[in-house]
Amino acid sequence: MKKLLQVIPFLILALPSFAQEFGIPFSKYYSSKEYNGGIQNFSIGQDQNGLIYVANNFGLLEYDGTTWERHPLPNSTKIRDLLIENNKRIYIAGQGQLGYFRPNHIGRMEFISWITQLPLKYQNVEEVWKIFKIHERLIFCTIKNLFIFDQNGALVNIIESIGEFESFHLSNNQLYFQDSEKGLLKLEKNEAVLLSDKAKLKTELLSGILETTSGELQVFTEKGEIYLFSSQNLNSWSPLNLPKLSKVNKAIRLRNGNIAVGTQYDGLYVLKENGSLELHMNQEKGLQNNTVISIFEDKSGNLWLGHNNGITLLELSLPFRLLGPEKGILGTGYAAKLFQEDIYLGTNIETGKMSGSGEKITKISNSEGQAYSFGQIEGNLLMGHNEGAFLIKNDRADPIPGVKGVWGFLPLKDRPNLILAGTYKGLVLFEEKNGNYFFVRKLKGFEESCRLIQQDELGNIWMSHGYKGIYKLSLSDDLTEVNYKFYGNKEGLPTNLLNSVWKIGGRVVFTTEYGIYIYNPSTDRFEKDAVFSPYFDNEFLITSLVEDPIGNIFYIGNKEVGVLEKQSDGTFQKNHQIFNKIIPLLNDDLQNVSLLRSNEVLFAANEGFIWYKLDINKIMPPTYPAFIKAVYLTKPGDSLLALGKHIEMMEQKFGTEGKGLELPFNQADIRFEFTNSIPNNENTTQFRFWLEGLESEYGEWTNKRDKAYTNLREGKYTFHVQSKDIYGQIAEAIPFNFTVLPPWYRTSLAWFIYLIASVLFILLAYKKVDKQYQKKTQALTARQKKELEEKSKDLRNSQQELEKLKTEKLEVEIENKNKELASATMHLLNKNGFIDQTKSQLSLIIKKSKNQEVKNELQKVIHSIDKNIAEDDDWKQFEIHFDQVHGDFMHRFKRAYPNLSPQEIKLTAYLRMNLSTKEIAFLMNISPRGVEISRYRLRKKLQLERSDNLQEFILKF
């Protein structure tokens, strides 16, 4: 028991060595030609935007995730160390220089030296080896002095060495440094404080000092020795599984507690806190160079190694490891199998066995050629091979004679000693006897290639053919022949192509070009499987499928690779984004994912295999920002406007609001270069962009890292770009605003001139049109006037004719009236004459008669005649006819001279008729003398002058 208790601690320490990760991490090597710099890389850092900076022989190297750029010092000397600040300053320590780089107004890096801040006697420095920042103090380290500055470049203190400063180390914000005369010191309150003057700490060059959780210091020496220092005690640290280190250049502690050690001749070691080996890489195990000068862990957990010639990125943050030529595995991977704690790996060249520790690869003898599958049957391992079936024992593949071209094996249900094998041409039967396997027979009745075969719970054997369809097979009772039924698109399958059969969760499922199907025995048809429908779209084709013991389902598909992680409620959580990294590396012939243990699989790759474990590095890494790398004007040639890697400088120069950059109209051809600083993801990081002002929304995702726009019209534009990493995380760059000015002929002044010109043109045009209109109007008016005149003339002629006709009519009427009036007048005259003559004759008779009675009777007659004349209404008729002829003369004259007597009215009428005095006297039954007297009296009443002619007055009235 005592011995067992002594052994247990060592066993506990030894356990991690068997749990280490298989293979090597994904890596990327950058040669000096690729980064265009010197061979030595002394220090590496990363800024807040993910940009990587390297202190190189030829200056400061900058990596933006796509390309490298070099920024030399003014004197073109080496840079030994760098320190990146969030204020866009990159402090450097170099040959004969100390100071910092910063971006200028267009984003180009410029160097600001602090050499002049030193006292004159210290300015001739040869080498500044290190730079550190502690409590807002910047410490530049040389072999003779520590120069301590504040943030503004003011010198705070100078610490001088007694001997020479040999090395400098920062751990837990504490600076330790080694003096060849005094020993190990630390910096406290800008002063050097001695920690230990032990001889080893003076004479042996220290490569790293790391503080442990117990407060001790782990001290790494250049010779590869490791000490624990505490309270003046310096003890050797030598755990059981600690590998032998030699010529250590650098040692740092990683964020997960592991220790990364860079050596001069043997590459990189990653140790766990207990000293056991986690990872070892050198030229034989994946590195291009054995010398590791510097080590840096970026914010994603990846390691950057600065070599004596080149730079290596190790993607430790990925949950994948490569098993390929570096591990001794040759050829394209096809199948893998965990058997008795060893992993068997079959490729197109040979089959190998990897030990449980992952370090040792053993070739399986007699296995040369194409391997397809492994089958564990009754504690034995069979291999399906191009040359036939093999039994693997004692690191040797023994053939089972009888058939060639075996795809895989299927133990028969209820007959475990019999194994059905799919071959290039049909099915064959093997039998196991006492651990040996024998070929029994080839089954008759079926000659199709049988790569994938499964047996369901009813005992039916299902076989899928790559370009024909699905077959349900049944064996005869004597196991000599095969009966089959073919199923294709007529039986519910979407197509007859690319169908595969798998066994998942105890069920036989069928993957097709349009999702996963199952067989319904009650209808003898295939139908869509409801279990997997929520996780895959309708056009997703799975080419390989495997389920681990706890129900996680790993798959390879035509669009993606991933895992459905089994949840406690029986559902799945889909995880596929991280697998985008391995898609280009997978075997594209016969894709395969092989189960090792729960949560652990191997993907067949173009070169070997890719190991994946579900619970390794499952934490989502931080999102790297996208940014506009550079902006160029492309007419007539590329002309740099700004380097957008330094976002703050771009904001200062152009701003993210307001009018920003202004481009002349004839130079409105602009090109944007953009990137994401995710390292080694040139083919997996995608971008999409949107020029607001020209486009309505973001375009499709693409791997393109630049976008050009030509012949832009005037207006305000904002360029947006987003990036998407392999995890599906989207990052957006700060938008870039710019304005395209209008051409001179579309400027505000031009539009104003156009407005004025338009107004003038309109006025001129109006005048011209008006003139033409007036001319036309005048012509039209003249024509209308002429026509009117002609019509007026015609009308006048008509009127004249009408008047003439009327006049003639009136004249006729007047003539008729005059005739009537004359006739009436003559009638009166004749009447009155006749009566007067009769009266005179009667009066003469009275005078002559002597008979008084006769005289009396005659007097009565004369009196009757006079009475008759007095009562005669002929005058009224005469008056009516007279007014009709002479325009209502009497009525007007009576109205004008109402005091005239009827006799005077008659006189005016007779005068109007231009009758003679005699005629008037005859008509009025008075004497001519009486007429004269009546005329005289009428003149008086009319108030006529003596010179006035009465007749003319009456005629003109």
Does Glu673 form a salt bridge (charged side-chain N to carboxylate O under 4.0 Å, His left out) with Arg705? I'd like the steps, not just the answer. CA-CA 6 Å; Glu673 291 183 358; Arg705 294 183 179 237; over 6 Å; no

Residue pair Asn520, Glu527: steps toward the side chain to side chain donor-acceptor pair (under 3.5 Å) verdict: CA-CA 7 Å; Asn520 188 338; Glu527 56 191 39; 3.2 Å; yes

Taking it one step at a time, do Lys353 and Asp395 satisfy salt bridge (charged side-chain N to carboxylate O under 4.0 Å, His left out)? CA-CA 8 Å; Lys353 182 183 75 173; Asp395 299 337; 2.7 Å; yes

Quick one, Phe536 with Tyr555, criterion ring pair (Phe, Tyr, Trp, His ring centres under 6.0 Å). Give me CA distance, side-chain angles, the key distance, then yes/no. CA-CA 11 Å; Phe536 303 108; Tyr555 64 90; 5.0 Å; yes

Does the side chain to side chain contact (heavy atoms under 4.5 Å, CB included) test come out yes or no for Tyr334 and Leu345, once each step is laid out? CA-CA 8 Å; Tyr334 275 85; Leu345 305 166; over 6 Å; no

Please assess Glu431 against Arg441 for the test salt bridge (charged side-chain N to carboxylate O under 4.0 Å, His left out), listing each intermediate value before the final yes or no. CA-CA 10 Å; Glu431 184 179 10; Arg441 68 178 67 88; over 6 Å; no

Run the numbers on Asp456 and Lys503 for salt bridge (charged side-chain N to carboxylate O under 4.0 Å, His left out), then give the verdict. CA-CA 8 Å; Asp456 64 19; Lys503 198 162 190 178; over 6 Å; no

Could you walk me through whether Ser317 and Ser300 pass the side chain to side chain donor-acceptor pair (under 3.5 Å) test, one step at a time? CA-CA 6 Å; Ser317 62; Ser300 294; 5.4 Å; no

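Remark: the Gln722 side chain and the Glu732 side chain contain an N/O donor-acceptor pair separated by less than 3.5 Å. Side-chain polar atoms of Lys468 and Asn499 form no donor-acceptor pair below 3.5 angstrom. One side chain, Asp524 or Tyr519, offers a donor N or O that lies under 3.5 Å from an acceptor on the other.
Shown are Tyr471, Tyr487, Trp502; of these, the ring pair (Phe, Tyr, Trp, His ring centres under 6.0 Å) with Trp462 is made only by Tyr487. Tested against Phe687, the residues Trp701, Phe674, Tyr698 include a single ring pair (Phe, Tyr, Trp, His ring centres under 6.0 Å) partner, Phe674.
In this structure, the separation between CD1 on Ile730 and OG1 on Thr623 is 10.0 Å, given to the nearest 0.5 Å. How far OG1 of Thr684 is from CD1 of Ile583: 10.0 Å, rounded to the nearest 0.5 Å. A distance of 11.0 Å separates CD1 of Ile556 from CG of Asp588, quoted to the nearest 0.5 Å. Separating the OG atom in Ser476 from the NZ atom in Lys444 is a distance of 10.0 Å, to the nearest 0.5 Å. Atom-to-atom distance recorded for Ile550:CD1 and Asp548:CG is 4.5 Å, nearest 0.5 angstrom. Expressed to the nearest 0.5 Å, how far CD of Glu448 lies from OG1 of Thr423 amounts to 11.0 Å.
The six-membered or imidazole ring of Tyr535 lies away from that of Phe540, with a centre-to-centre distance of 6.0 Å or more. Aromatic ring centroids of Phe510 and Tyr517 lie 6.0 Å or more apart. Note: Phe719 and Trp690 fail the aromatic proximity criterion, with ring centroids not under 6.0 Å apart. Annotation: Tyr437 is not in aromatic contact with Phe430 [ring centroid separation under 6.0 Å not met]. Remark: aromatic rings of Phe579 and Tyr612 are close, center separation under 6.0 Å.
Side chains of Asn302 and Leu314 form no contact here, defined as non-hydrogen atoms less than 4.5 Å apart. Contact of the Asp706 side chain with the Lys629 side chain is not registered, since no non-hydrogen atoms from C-beta on lie closer than 4.5 Å. Within the 4.5 Å cutoff, no side-chain heavy atoms of Asn681 are placed close to those of Asp725. A heavy-atom distance below 4.5 Å is found between the side chains of Leu279 and Pro25. Between Arg507 and Gln454 there is no side-chain heavy-atom pair separated by less than 4.5 Å.
Minimum heavy-atom separation, Glu387 to Lys404: O-CG, 3.4 Å. Contact detail for Ala626 and Asn676: the closest heavy-atom pair is N-ND2, 3.7 Å. Taking both residues in full, the closest heavy atoms of Gly331 and Asn348 are given as CA-OD1, 3.3 Å, listed atom of the first, atom of the second, then distance. Residues Gly333 and Thr347 approach most closely at CA-CG2, 4.2 Å, considering heavy atoms. Scanning all heavy atoms of the two residues, the minimum distance from Ile453 to Leu420 falls at CD1-O, 4.2 Å. Between Leu429 and Leu412, the shortest heavy-atom distance links the atoms CD1-CD1, 4.1 Å.
A cation-pi arrangement is present between Lys707 and Tyr709 under the rule of less than 6.0 angstrom and at most 45 degrees off the ring axis. In this structure, Lys299 is positioned above the aromatic face of Tyr624, its NZ or CZ under 6.0 Å from the six-membered ring centre and within 45° of the axis. A cation-pi arrangement is not found for Lys28 relative to Phe26, the charged atom failing to lie both closer than 6.0 Å to the ring centre and inside a 45° cone about the ring normal.
Side-chain N or O atoms of Glu481 include none that pairs as donor or acceptor with a backbone N or O of Leu443 at under 3.5 Å. The closest donor-acceptor contact from the side chain of Ser373 to the backbone of Trp407 lies under 3.5 Å. For Arg525 (side chain) and Lys490 (main-chain N/O), a donor-acceptor pair under 3.5 Å exists by modelled atom type.
Using a 4.0 Å cut-off between a side-chain N of Lys or Arg and a carboxylate O of Asp or Glu, Glu432 and Arg415 do not qualify as a salt bridge. Under a 4.0 Å N-O distance rule, the pair Lys566/Glu547 does not qualify as a salt bridge.
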